[in-house]
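Note: hydrogens, waters and symmetry copies are ignored here, and every other heavy atom, side chains too, is used.
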Amino acid sequence: MIPAQGEVVLNKNDTLRYQLATEPRAAVHAGWLLGFAFLAKDIAPKRLYIN
């Protein structure tokens, strides 16, 4: 478990700053956060067009 607020450095040009909870003592599963960090750009909101 790691803090629910902070930053993950993916490479020297790519850092993800995150806040997943407002409680300072909150924690999240490290594997979940690393998976989310690597997928974050791909899961950005997309606009749906419905006819």
Side-chain angles (χ1 to χ4, degrees):
M1 300 299 284
I2 57 178
Q5 299 176 26
E7 65 182 32
V8 175
V9 178
L10 301 172
N11 61 48
K12 68 179 185 174
N13 298 322
D14 204 6
T15 301
L16 172 71
R17 292 191 180 130
Y18 65 91
Q19 181 178 357
L20 303 172
T22 56
E23 170 62 44
R25 297 182 302 154
V28 296
H29 188 275
W32 184 90
L33 181 60
L34 289 174
F36 173 78
F38 280 101
L39 294 172
K41 289 182 181 178
D42 293 331
I43 59 176
K46 305 252 189 260
R47 188 172 216 179
L48 291 177
Y49 294 96
I50 300 173
N51 293 328

>> According to side chain to side chain contact (heavy atoms under 4.5 Å, CB included), who are the partners of Q19, at least two apart in sequence or on a separate chain?
In response: Q5, T22
>> Please enumerate all residues that pass side chain to side chain contact (heavy atoms under 4.5 Å, CB included) together with A27, with sequence neighbours excluded.
In response: M1
> Can you name the side chain to side chain contact (heavy atoms under 4.5 Å, CB included) partners of N13, sequence neighbours left out?
Replying inline: N11
>> Give me each pair satisfying salt bridge (charged side-chain N to carboxylate O under 4.0 Å, His left out) with a member in residues 4-13, each pair once, sequence neighbours excluded.
In response: E7-R17
Compile the donor-acceptor pairs under 3.5 Å between side chains in residues 28-37 and protein atoms, sequence neighbours left out, one pair per line.
unit_1, atom_1, unit_2, atom_2, d
H29, ND1, G31, N, 3.0
H29, ND1, W32, N, 3.4

